[in-house]
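Worksheet: one structure, shown below.
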Amino acid sequence: MYPLEECKKEIAEHIQKTIANYHIPYEIRVETPPGNMGDFAFPCFPLAHLIKKSPNEIAKEIAISIPTSKWITKVEAQGGYVNFFIDSTNLTAVTLQSILKNKETYGYLQKKKEKVIIEHTSANPNGPLHVGRARNPIIGDTLVRLYKAAGYDVESQFYLDDMGKQVAILAWGIHHLEQKNIPPMENTKADHQMVGYYQTANERMETDTTIAKQIGELVKKLERGDHDTIEMIHSSYTPVLEGIKQSLERINIHIDSFVPESTFVYDKSVDRIIKELKQTTYCHEEDDAFYLDMEPFGIHGRNTKFFFLRRDGTTLYATRDIAYHQWKAQHADILINVLGEDHRLEAQQVKVALELLQTKILPKVVFYAFVSLPGGKMSTRRGRVVYLDDLIDECIEHAYEEVKKRRANELTESQMRNIAEQVGIGSLRYNIIKVQPEKDIVFTWEDALNFEGNAIPFIQYAHARACSILSKTNTNLHTFDPTLLIHSSERTLIKKLALFPLVIEEASNACKPHSIANYLFEVASVFNQFYRDCPVLSEENTVLRSSRLALVSATEIVLKNALNLFGISAPAEM
RNA sequence: GGGCGUGUGGCCUAGCCUGGAUAAGGCACCGGCCUUCUAAGUCGGUAAUCGCGGGUUCGAAUCCCGCCACGUCCGCCA
């Protein structure tokens, strides 16, 4: 158990003991007070109601009953709160020990037995990834890293749409359109080169019904398992998918497995699901097509019919998605999906169907709002997009300019390029992950390339500063005396570092990766204050110097570990 | 029309789940700090009836109800 967890537990147990005298069931929650009113606080107001005493009276009773201990140095009743002051020397000792011992696993939680499948990105392979949905891979990959840190066995999956209309349109375009009719793309990656075929085929399809019919025919053949069609579609989207993978790798995102939708059609599991859904009482037929009535499940609107089987006997995306989820439920203990907000209804429908089919594990879904452009939403079909590849390039280029501005005289070209890469990609990921997923983001180049304030260079710079100090010493074995680290900047920093495991715990439990961004910013911020107040290398007291070096080393570890949760690298110099 | 999501200083964000002690940061703006471990830093200042109106509560940014604005969905698309 990590130091602060132990400390919190002890405080809660003490309170529990005293409260037991009141003979009422009560759940204890310890909070953090503002200002310098202690390290932990326990509000007595709700208790006052239950046992008919004033909050301050109760606070006093509790305060008196709690003995000082290894952790607790002082307990005070103040304005209805019990304020706890913890032994900072002890906290310093055990926290630094824990960090320096665990190093790259400090903050990580105990290994758990559960397997987690996190589905994210799952973009149609018909063109390059664009910024409108860029939150998906970034949130998804951060969750993957977070859950690994929280001790789970994690697998990331990309649900590959190889059966739908979108890939059929792409394939039709590639096989029927001539290159000269496709608007040229600068980027030579296959996904960029191919997207024009998709866009043009889409336009043609809208005006030409025979094309629409041909594409519909492709979809039907696919579903029947026609070998040549499968081959044709597969060879069309594969290069595009490779391009998508390359883009993801550029921002440090690796996906463990790609699960094609067709799997569930060809292994007949979709057929089984249809059969089972038809047997439920909510199933109805209309013009030979089948649907579930969603009204009893609290889904309202103009149309509450969830069609899962077309009149022509072919399945729908959501139907196949049900099969996919049943399959996932057999291979994991916890399922997490990262989906755009446009999938909210579909996710509900799938969930209801899974419940009707008595599936044991239902997915926990993280929805995100689209990143839109000032004029409205992005659209691959209409070509109104900012592609992820272009944003990556711009971020790196902007970072390069900034490094060059500052360090051109000191660093080599390749060093600057290397730093620019780390800062640029970090910036892209951080700017997206730091805001909660449900919040709308309007994309502007100004914001996307913002390197000021709560942005990644601030955090990476703090890390670089720590590395710089550490690089100027000839040992990395820093012995420390916890009684010497008593400056308020030192104490604030140590307390912040001690919090890291609790931050991981909370962020993973609540599926809220953005809360780590706040923490990361705070660590960098208090480290900068320490840097200002407490000289390290020039400190003449050798024991204090060594103790501060230990603290710098610990900070460096926490910053690096936290950045790693975001897939952002921690440069040693900037 | 209905469902869901969002609304916090001029701008952006955290806090909302689990109500609690002066609403926390960043940008911008104003004024300081580099012969001292990289100033991509730091200190101070100006600036908010937490969308609006009710309710619950000793106490509401937080919970409940109504309304408004924006986003999103209500396809035998994905």
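The sequence lines fix the lettering, A, B, ..., with proteins before strands; numbering per chain opens at 1.
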Q.
Does R465(A) qualify as a cation-pi partner of F527(A), given the criterion of NZ or CZ under 6.0 Å from the six-membered ring centre and within 45 degrees of its axis?
A. no
Q. With sugar-phosphate meaning primed atoms plus P, OP1 and OP2, does F290(A) contact a base, only sugar-phosphate, or nothing at under 4.0 Å between heavy atoms?
A. nothing
**Q.** Gap between atom SG of C467(A) and atom CD of E556(A) - 0.5 Å precision
**A.** 4.5 Å
Q: Hey, can you tell me if F307(A) and Y291(A) have their rings parallel, tilted or perpendicular (30° and 60° cut-offs)?
A: tilted
Q.
With rounding to the closest Å, how many angstrom separate the P atoms on rU49(B) and rU62(B)?
A. 16 Å
Q.
Once you apply a heavy-atom cut-off of 4.0 Å, does Q348(A) come out as touching a base, just sugar-phosphate, or nothing?
A. nothing
Q: Ignoring the backbone of A41(A), work out which of rC37(B), rA21(B), rG25(B) is nearest its side chain.
A: rA21(B)
**Q.** Closest-nucleotide 5' rank along RNA chain B - winner of F307(A) and E31(A)
**A.** E31(A)
Q: Decide, for rC16(B), between syn and anti: a glycosidic angle within 90° of 0 counts as syn, anything else as anti.
A: anti
(Q) Is the terminal nitrogen or CZ of R135(A) (NZ for Lys, CZ for Arg) located under 6.0 angstrom from the six-membered ring centre of Y368(A) and within 45° of that ring's axis? (A) no
Q.
Quiz question: going by heavy-atom distance under 3.5 Å, is there a donor-acceptor pair between the base of rA39(B) and the side chain of N528(A)?
A. no
Q. Has Q529(A) got a side-chain N or O lying under 4.0 Å from the OP1 or OP2 atom of rC43(B)?
A. yes
Q. Is the charged tip of K278(A) near the ring of F290(A): under 6.0 Å from the six-membered ring centre and within 45° of its axis?
A. yes
Q. Using a cut-off of 4.0 Å on non-hydrogen atoms, how would the nucleic acid contact of R311(A) be classed: base, sugar-phosphate, or nothing?
A. base
Q | Opposite nucleotide pairing with rC16(B), Watson-Crick or G-U, both atom distances under 3.5 Å | A | none
Q. With a 4.0 Å cut-off on heavy atoms, is E261(A) in touch with a base, just the backbone sugar-phosphate, or nothing at all?
A. sugar-phosphate
Q) What does A464(A) touch in the nucleic acid at a heavy-atom separation under 4.0 angstrom: a base, only the sugar-phosphate, or nothing? A) base
**Q.** Non-hydrogen atoms of S553(A) and L470(A) that approach each other most closely
**A.** CA-CD1, 3.8 Å
Q. Do the side-chain N or O atoms of Y317(A) get closer than 4.0 angstrom to the phosphate oxygens (OP1, OP2) of rA78(B)?
A. no
Q: Determine the contact category for N509(A): base if any of its heavy atoms lies under 4.0 Å from a base atom, sugar-phosphate if only primed atoms, P, OP1 or OP2 are that close, otherwise nothing.
A: nothing
Q.
Using a heavy-atom cut-off of 4.0 Å across all strands, would you classify G453(A) as base, sugar-phosphate, or nothing?
A. sugar-phosphate
Q: Would you mind classifying the nucleic acid contact of A510(A) as base, sugar-phosphate or nothing, using non-hydrogen atoms under 4.0 angstrom?
A: nothing
**Q.** Presence of R532(A) side-chain N/O under 4.0 Å of rC33(B) phosphate oxygens OP1/OP2
**A.** no
Q.
Is K472(A) close enough to rU38(B) that one of its side-chain N or O atoms is under 4.0 Å from OP1 or OP2 there?
A. yes
Q.
It should be established whether R406(A) places a side-chain nitrogen or oxygen under 4.0 Å from OP1 or OP2 of nucleotide rA40(B).
A. yes
Q. Does OP1 or OP2 of rC77(B) have a side-chain N or O of R320(A) closer than 4.0 Å?
A. no
Q: Under 4.0 Å between any heavy atoms, over every strand shown, what does A289(A) touch: base, sugar-phosphate, or nothing? Just pick one.
A: base
Q. Under 4.0 Å between a Lys/Arg side-chain N and an Asp/Glu carboxylate O for R406(A) and E402(A)?
A. yes
Q. Side chain of R302(A), base of rG2(B): donor and acceptor closer than 3.5 Å?
A. no
Q) Checking all strands, does C534(A) fall into the base, sugar-phosphate, or nothing category for heavy-atom contacts under 4.0 angstrom? A) base
Q. What is the base-pairing partner of rC76(B), counting Watson-Crick and G-U wobble geometry with both distances under 3.5 Å?
A. none
Q) Does any nucleotide pair with rU62(B) by Watson-Crick or G-U wobble geometry, both distances under 3.5 Å, and what is it? A) none
Q.
Reading RNA chain B from 5' onward, which residue's closest nucleotide shows up sooner: L316(A) or M37(A)?
A. M37(A)
Q) When you compare rG25(B) with rG71(B), how far apart are their C1' atoms, in angstrom units rounded to a whole number? A) 26 Å
Q | Under 3.5 Å on both distances, the Watson-Crick or G-U partner of rG71(B) | A | rC4(B)
Q: Classify the angle between the aromatic ring planes of F264(A) and Y159(A) as parallel (below 30°), tilted (30 to 60°) or perpendicular (above 60°).
A: tilted
Q: Could you check how far CG of N431(A) sits from C1' of rC27(B), rounded to whole Å?
A: 12 Å
Q: Give F458(A) one of three labels, base, sugar-phosphate or nothing, depending on what nucleic acid heavy atoms sit under 4.0 Å from its own.
A: sugar-phosphate
Q.
Under 4.0 Å, counting only non-hydrogen atoms across every strand here, what does K305(A) touch: a base, just sugar-phosphate, or nothing?
A. nothing
Q: For rC65(B) versus rA47(B), give the span between their P atoms, rounded off to a whole number of Å.
A: 37 Å
Q. Looking for any heavy atom pair under 4.0 Å, which part of the strands does R29(A) touch: base, sugar-phosphate only, or nothing?
A. base
Q | Complement of rC50(B), any strand, by Watson-Crick or G-U distances under 3.5 angstrom | A | none
Q. How is V403(A) classified with respect to the nucleic acid when contacts are heavy atoms under 4.0 Å: base, sugar-phosphate, or nothing?
A. base
